[in-house]
Amino acid sequence: RVQVVESGGGVVQAGGSLRLSCTASGLKFDDYAMGWFRQAPGKRREVISCISFNTGDKTYYTDSAKGRFSISRDNAKNSQYLQMNSLKPEDTAIYYCAVGGWYGSCKELGEGDFGYWGQGTQITVSS
């Protein structure tokens, strides 16, 4: 059974940093692209970042994340990470880790292209 667990959320002041971690078990982790989504109050869930399978040589960032967020993966630990710097109040949301396509290169970024999801972790950025 595939399990996806995020950690690292919390409350941070504007301009601060947080690092999210996600561990996925029950699958051959390095065969899958991995992604991060977020859902702010009253808004639809949106993709933030994605990293391709295996070496993770391909990455995607939404415009709001470019230059501030950095995605990475450690296949030996079945884990991916999202380093978030220069956080803004508008980054306040529930953040989700998701398992993407098999041998995926982050070309498909819809919610339906991600098959397994974590329970989400809350990030609150205070002004």
Side-chain angles (χ1 to χ4, degrees):
R1 181 168 82 93
V2 176
Q3 288 189 301
V4 180
V5 180
E6 309 99 336
S7 61
V11 180
V12 63
Q13 287 191 331
S17 298
L18 281 176
R19 187 191 193 215
L20 297 181
S21 299
C22 169
T23 300
S25 59
L27 48 70
K28 193 173 185 297
F29 182 81
D30 50 347
D31 280 356
Y32 291 85
M34 296 294 296
W36 289 98
F37 287 71
R38 72 183 180 190
Q39 186 168 22
K43 295 188 177 181
R44 295 182 64 180
R45 189 156 57 180
E46 60 173 351
V47 64
I48 296 300
S49 186
C50 178
I51 188 166
S52 59
F53 80 106
N54 198 13
T55 63
D57 60 321
K58 297 180 178 61
T59 57
Y60 165 86
Y61 297 94
T62 193
D63 285 346
S64 62
K66 286 177 183 175
R68 300 189 300 130
F69 295 2
S70 178
I71 192 170
S72 61
R73 65 187 297 156
D74 184 341
N75 294 332
K77 296 182 178 179
N78 277 23
S79 295
Q80 71 154 346
Y81 308 96
L82 187 68
Q83 177 66 42
M84 300 181 292
N85 300 325
S86 302
L87 283 162
K88 305 174 182 179
E90 51 264 43
D91 293 318
T92 295
I94 299 173
Y95 283 70
Y96 297 89
C97 172
V99 178
W102 184 66
Y103 277 44
S105 58
C106 299
K107 290 181 181 178
E108 294 83 26
L109 296 169
E111 286 191 54
D113 298 308
F114 291 78
Y116 302 97
W117 295 78
Q119 78 287 354
T121 186
Q122 176 71 46
I123 290 178
T124 301
V125 184
S126 61
S127 56

* Selection residues 56-90 - residue pairs positive for disulfide (SG to SG under 2.5 Å), sequence neighbours left out ->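 For residues 56-90, and leaving out neighbouring residues, there are no disulfide (SG to SG under 2.5 Å) pairs at all.
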* To do: Could you note down all residue pairs passing disulfide (SG to SG under 2.5 Å) where residues 36-87 supplies at least one of them, sequence neighbours left out?
  =>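 Qualifying pairs, neighbours excluded: Cys50-Cys106.
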* **Residues forming a side chain to side chain donor-acceptor pair (under 3.5 Å) with Lys43, sequence neighbours excluded** =>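 Checked Lys43 against side chain to side chain donor-acceptor pair (under 3.5 Å); zero matches.
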* To do: Answer yes if Tyr95 and Val47 sit in the same cluster of Ile, Leu, Val, Met, Phe, Trp and Tyr residues linked by side chain heavy atoms under 4.5 Å apart, and no otherwise.
  =>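 No, Tyr95 and Val47 fall in different hydrophobic clusters.
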* Asked: Ile71: what forms a side chain to side chain contact (heavy atoms under 4.5 Å, CB included) with it, not counting sequence neighbours?
  ->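 Ile71 satisfies side chain to side chain contact (heavy atoms under 4.5 Å, CB included) with Trp36, Ser49, Ile51, Thr59, Tyr61, Gln80, Leu82 once adjacent residues are dropped.
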* Partners meeting side chain to side chain contact (heavy atoms under 4.5 Å, CB included) with Lys58 (sequence neighbours left out) ->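 Lys58 satisfies side chain to side chain contact (heavy atoms under 4.5 Å, CB included) with Ser52, Ser105 only.
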* Asked: In chain order, what residues pass the ring-ring contact (aromatic ring centres under 6.0 Å, His included) check against Phe37, with sequence neighbours excluded?
  ->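 Listed in chain order: Phe114, Trp117.
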* **ring-ring contact (aromatic ring centres under 6.0 Å, His included) partners for Tyr116, two or more places apart** =>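 Applying ring-ring contact (aromatic ring centres under 6.0 Å, His included) to Tyr116 gives none.
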Interatomic spacing from [atom1] in [X] to [atom2] in [Y] - rounded to 0.5 Å:
{"X": "Glu90", "Y": "Ser64", "atom1": "CD", "atom2": "OG", "answer": "8.5 Å"}
{"X": "Leu87", "Y": "Ile123", "atom1": "CG", "atom2": "CD1", "answer": "6.5 Å"}
{"X": "Ile48", "Y": "Lys66", "atom1": "CD1", "atom2": "NZ", "answer": "12.0 Å"}

* **Main-chain N/O of Asn54 paired to Asn75 side chain as donor or acceptor, under 3.5 Å** =>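 The answer is yes, because a donor-acceptor pair under 3.5 Å joins these two groups.
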Contact list for [range], test salt bridge (charged side-chain N to carboxylate O under 4.0 Å, His left out), sequence neighbours left out:
{"range": "residues 46-57", "answer": "Arg38-Glu46"}
{"range": "residues 110-120", "answer": "Arg45-Glu111"}
{"range": "residues 69-83", "answer": "none"}

* Asked: Is there side-chain contact between Met34 and Phe53, with heavy atoms separated by less than 4.5 Å?
  ->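 The answer is no, as the side chains (C-beta and beyond) never meet within the 4.5 Å cut-off.
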* Are Asp91 and Lys88 within salt-bridge range, i.e. N to O under 4.0 Å? ->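 Salt bridge absent between Asp91 and Lys88.
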Just distance, no hydrogens or angles: give the donor-acceptor pairs under 3.5 Å from side chains in residues 2-15, sequence neighbours left out.
residue: Glu6; atom: OE1; partner: Gln119; partner atom: N; Å: 3.1
residue: Glu6; atom: OE1; partner: Gln119; partner atom: NE2; Å: 3.4
residue: Glu6; atom: OE1; partner: Gly120; partner atom: N; Å: 2.9
residue: Glu6; atom: OE2; partner: Cys97; partner atom: N; Å: 2.8
residue: Glu6; atom: OE2; partner: Gly120; partner atom: N; Å: 3.2

Taking distance alone, no hydrogens or angles, what donor-acceptor pairs closer than 3.5 Å link side-chain atoms of residues 16-28 to residues at least two apart or in another chain?
residue: Ser17; atom: OG; partner: Asn85; partner atom: OD1; Å: 2.9
residue: Thr23; atom: OG1; partner: Ser79; partner atom: OG; Å: 3.1
residue: Lys28; atom: NZ; partner: Asp30; partner atom: OD1; Å: 3.2

* Asked: Hey, mind stepping through Tyr96 and Gln39 against side chain to side chain contact (heavy atoms under 4.5 Å, CB included) and telling me if it holds?
  -> CA-CA 8 Å; Tyr96 297 89; Gln39 186 168 22; 4.2 Å; yes
